[in-house]
Amino acid sequence: MRNRHEARLRPLGLDPEEAAERLLRDLHSSGKGLSTAEARRRLVQYGRNELRRRGGRRWPRELARQFVHPLALLLWVAAALLLIVGSHVVAGAVVLIILLNAGFAFTQEVQAEKAVEALTRYLPQRSRVIRDGEHVDIDAAELVPGDVVVIRQGDRIAADVRLLSGAIEADMSALTGESAPSLRSAAAVEVDVPVLQAHDLVFSGTNCTGGEARGVVFATGMTTELGRIAALSERVEQEPSPMEQQVRRVAWLIAAVSIALAAAFIPVATFGGHLSLLNALVFAAGLLAGMVPEGLLPVITLALAVAVKGLAARGALVKRLSAVETLGSTDVICTDKTGTLTENRMRPTALWTTAGVIGLTGGGTGADTGGETGAAPGEPGKQGPHTGPTAAPDTAPDTAPDGAPGPEPAPEGAPDPAAPVVQAAVRTAAACNNARLQPGEEPSGDPTEVAVLLAARELGADVDAGHRESARRWQLHFDPERKLMSTVDRHGDELTVHTKGAPEAVLRRCATLLDAQGRPAELDDAARERVTARADAFARDGLRVLALARRALPGDGDPPHEREDVERDLCLIGLVAMIDPPRPEVEDAVAHCRSAGIRIIVITGDHPLTAAAVARRVGITGEHPRVVTGADLDELHEHQIGDLLRAEPEIIFARASPEAKLHIADALRGQGHVVAMTGDGVNDAPALHRADIGVAMGRSGTDVAREASTMVLTDDNFASIVEAIRAGRRIYDNVRKFILYIFTHATPEVVPFLVFALGGGAVPLPLTILQLLAFDVGSETLPALALSREKAEPGIMSRGPRPRSEGVIRGPMLIRAWLFLGVIVAALQMAGFFYVLHQAGWHPGDATGAGSPLHHAYQQATTMTFLGMIAGQIGTAFAVRTQRASLRSVGVFSNRYLLAAIGGAIVLAALFVYAPPFQALLGTAAPPASALALLPAYPLIVWGADELRRFLIRRRAARTGREG
Ligand code: ATP
């Protein structure tokens, strides 16, 4: 597997640093990265870092597919039959229908595919690189060989990279199929191993599941390993959604019924209606062609694609078309708190030490005030009152509530920021941190860390990233299970562990407490309780609290190897409290969920009291929700979790581990719920996979979470989930609407033939077979497409979620289509037919064939049936726009597409009736004015009857609602 990069990458017999130096030299780069100008030049030279599709033109195959799907084959059979019996014109019409449908379906699919492909534009992959010596986030497509990149936990690696410093765990499954993470380190240079196994290399398309490293890009785009092996010529197959499968089944059912009907028609028409066998066959084949709902599936695909496109524009990127449907039946949202319910723009509000509480603003007071502080903490005005940097804030009462012992007597007023314990706190805050607040750069990094660093800067600490990095010897990354992060730093001869994390996690590992003078003092049970009470008091106000601690290590030795040995015997220094205000839109979205019968369960890594305060504030729970901690949850079996979820309507999971999310998702799904689950970390990926709809954050989440999820919120906003559910419900409703519309055709199409067959020769055929096919072409697909664009019916979010088991086509729908709307349309068209014949003096049994005196009147009468059908279907199109609501409540003229489609149908009908070539082909003749004058009433009657039906249903529902 040696490839051409190999000689350059794996110079034999070199030590790691030398090897790295040589590679950098070869790539004309340095540890400080490229300049912007050089990067731009290389972008032109090497091209964008993108994979190109191979295989090119697929469309001829795609188009061909449209002609051979089973329903089309059925029509081919009908056409062949017609040809055999010599009915060339009708055969031609059937072929025309096949062609039109194939063309139509093809364009729908192309459009749908384009819509899905365009989604990638909404979520370009980003990479952190060093350009002109500064860290910047760029579009990963602009990476060039020689770029120095920073890879962090959760990143998807965007190019092939040789590590220069640090170590990471990589999930290489995309390349090797091996899912166990593989350790990759700058220090591990082996010779003579296959490239993919070289421990100092990481590859495009793989994920960083832990650690942090810096490396130099040596291959981009199609020259990467991924580019070389990716079989991109294969199209990503979209599996059909349950809805499509159902509709396909029903389409087949209808096809089978049509075949049966057509077959039954032949004997009835020959014996009863005295039709020649040949003519009966022609009619049967035509009837079959008219009834097969071949346009249904492509309309559904397009409807889903349009919904996906619309959602993407509103911040929710759905990765599978079928997910739209699942969204519509979602009944539980498991959401985390930070960044989804809240803004994730944290600002420190207070620092507690044994010297007392200092109120903070997040702005600077020290020498560094000139630096940029604005972006991370957000606008102060939005975040409620806050006190100045040295006053004790209202969020930190001096005595803890609930009778817990108050903190140790604080000195009068606020402590001096220069007090030794305060300075110790801010040094730890600045050291155990990976955020950047460099002058001239946007603040960057994890928002929690930015807030901690802002606190440190405000109280005068040195927050320069360069100084911090040169002092750092070791880093223990933030681990959401331990809820801790530590660094080991050297200042002169001193080697110190700096730790920050969730208060109880830190406190558990502390042996002493730093007193006001900066000396370690005893941390007895009373002192522990005081610290806990203080943290709880902050949390109860909805603040996020982090504890800071440190430990001196022997200056001459190596730091301990085990994490457990580093994070022990710590000395507690203080607590930082920060505010993360709830997003303003969340409260409304929560209210919508309530009325829509969607349950919200908060699952957060944060403190129970903080979680409860935020959940209460946005209206998810009342005053006394049940709060279950991760530790409690670990004690429970899965069925107990299920019982708990059933018994407690208002429940919050706090200090929950990513694994807890998995158990909760399983328990809920076990109860038949359709679960949407948010997550942002690497460890959330399994839960995101397991939920029905995994939801990841586009801005704050990791690439790994985004990959595992079905939906990505480009605005990280909880309200977008609710918006997506609403869209899911809407699309489902709309699909039902056009299925209803298309199904309604069946009755008016069949009835004329039934009347003829059952008339025993007394009634001439009320509709010719070509007229039937013309109707099929002229009025089926366009209005159906228009119906898929209907706006949401009022009250869409005030009814309960659709049960998972409920099909898209239900009995009452078929009754409404076939036996209600269909029968009305059929009755009207037949009335028109008989009216014209009767006016001309026809009596049952009179001859109407060519050459007979009544022939012209007969042609006018069949034309009247044809026009009656079209007018009736216009009424149907309006009637099916709502399921229960009155049409007035959605606006009679609010669907422009439908108005246009109906306009089109009318123009086409006029052509069929008045243009001489069509008259000759279809056997139409302009009906008398007195008959035409009836037509405008048809839509009104159909629609009015349905309006009345809906009114009665609403009234009955209101009554039973009142009685209940
Ligand atoms: P959510 O699950 O709602 O997003 P969260 O962000 O609080 O909530 P985690 O990121 O798992 O969840 O954090 C859990 C806890 O770990 C936090 O409440 C905090 O106490 C602590 N913590 C978070 N980030 C850090 C960090 N960078 N360093 C140290 N401790 C941290």
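One-based numbering, in listed order, for ligands and for the atoms of each. Since this is a predicted model, take the numbers as computed values, not measurements.
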### Message
If you count every heavy atom of other residues, nucleotides or ligands that lies below 6.0 Å from His592 atom NE2, does the total exceed 12?
### Response
no
### Message
Starting from atom 13 (O) of ligand 1, what is the nearest protein heavy atom, named by residue and atom, and what distance separates them?
### Response
Phe478 CZ, 3.7 Å
### Query
What's the shortest distance from atom 28 (N) of ligand 1 to any protein heavy atom, and which residue and atom give it?
Lys500 NZ, 3.1 Å
### Contact partition for Thr340 relative to ligand 1, non-hydrogen atoms under 4.0 Å
neither
### Message
Between ligand 1 and Gly605, is the shortest N or O to N or O distance under 3.5 Å?
### Response
yes
### Task
Mark up the atoms of ligand 1 that fall under 4.0 Å of a heavy atom belonging to Asp336, in ascending order.
1 (P), 2 (O), 3 (O), 4 (O)
#### Entry: Leu341 heavy atom under 4.0 Å from ligand 1
no
### Query
Under 4.0 Å from any heavy atom of Arg655, which atoms of ligand 1 are there?
15 (C), 17 (C), 18 (O), 20 (O)
### Short N-O contact, Glu567 and Arg482, less than 4.0 angstrom
yes
### Query
For ligand 1, which atoms sit closer than 4.0 Å to a heavy atom of Lys337?
1 (P), 3 (O)
### Message
Tell me the protein heavy atom at minimum distance from atom 30 (N) of ligand 1, and give that distance in Å.
### Response
Gly501 CA, 3.3 Å
#### Entry: Closest approach of any protein heavy atom to atom 17 (C) of ligand 1, naming residue and atom
Arg544 NH2, 3.7 Å
### Summary
The atoms of ligand 1 lying under 4.0 Å from a heavy atom of Leu546, numbered in the order shown, are 19 (C), 20 (O)
### Message
Checking side-chain polar atoms at under 3.5 Å, does Glu481 have a donor or acceptor matched by the opposite partner on Asn683?
### Response
no
### Query
So is Thr338 polar-close to ligand 1, meaning N/O to N/O under 3.5 Å?
yes
### Query
Val545 heavy atoms, cut-off 4.0 Å: which ligand 1 atoms fall inside?
20 (O)
### Query
Counting from 1, what ligand 1 atoms have a heavy atom of Asp446 closer than 4.0 Å?
27 (N)
### Task
Check the side chains of Asp489 and Thr487 for a donor-acceptor pair under 3.5 angstrom, ignoring hydrogens and angles.
yes
### Query
What residue and heavy atom of the protein are closest to atom 1 (P) of ligand 1, and at what distance?
Thr604 OG1, 3.4 Å
### Within reach of ligand 1, part of Thr610 (heavy-atom separation under 4.0 Å)
neither
### Message
Both conditions, 6.0 Å and 45 degrees, for the charged tip of Arg534 above the ring of Phe538: are they met here?
### Response
yes
### Query
Are Arg544 and His607 close enough that a side-chain donor and a side-chain acceptor fall under 3.5 Å?
no
### Check against side chain to side chain contact (heavy atoms under 4.5 Å, CB included), Leu553 and Val497
CA-CA 7 Å; Leu553 292 175; Val497 178; 3.6 Å; yes
### Query
Taking the side chain from Arg594 and the backbone from Gly619, do they hold a donor-acceptor pair closer than 3.5 Å?
yes
### Message
Under a 4.0 Å threshold between the charged nitrogen and the carboxylate oxygen, would Asp715 count as salt-bridged to Arg699?
### Response
no
### Message
Between Thr702 and Asp680, is the side chain to side chain contact (heavy atoms under 4.5 Å, CB included) condition met? List the steps.
### Response
CA-CA 6 Å; Thr702 57; Asp680 46 16; 5.8 Å; no
### Glu449 N/O under 3.5 Å from ligand 1 N/O
yes
### Query
With distance as the sole criterion, is a donor-acceptor pair present between the side chains of Arg626 and Thr621 under 3.5 Å?
no
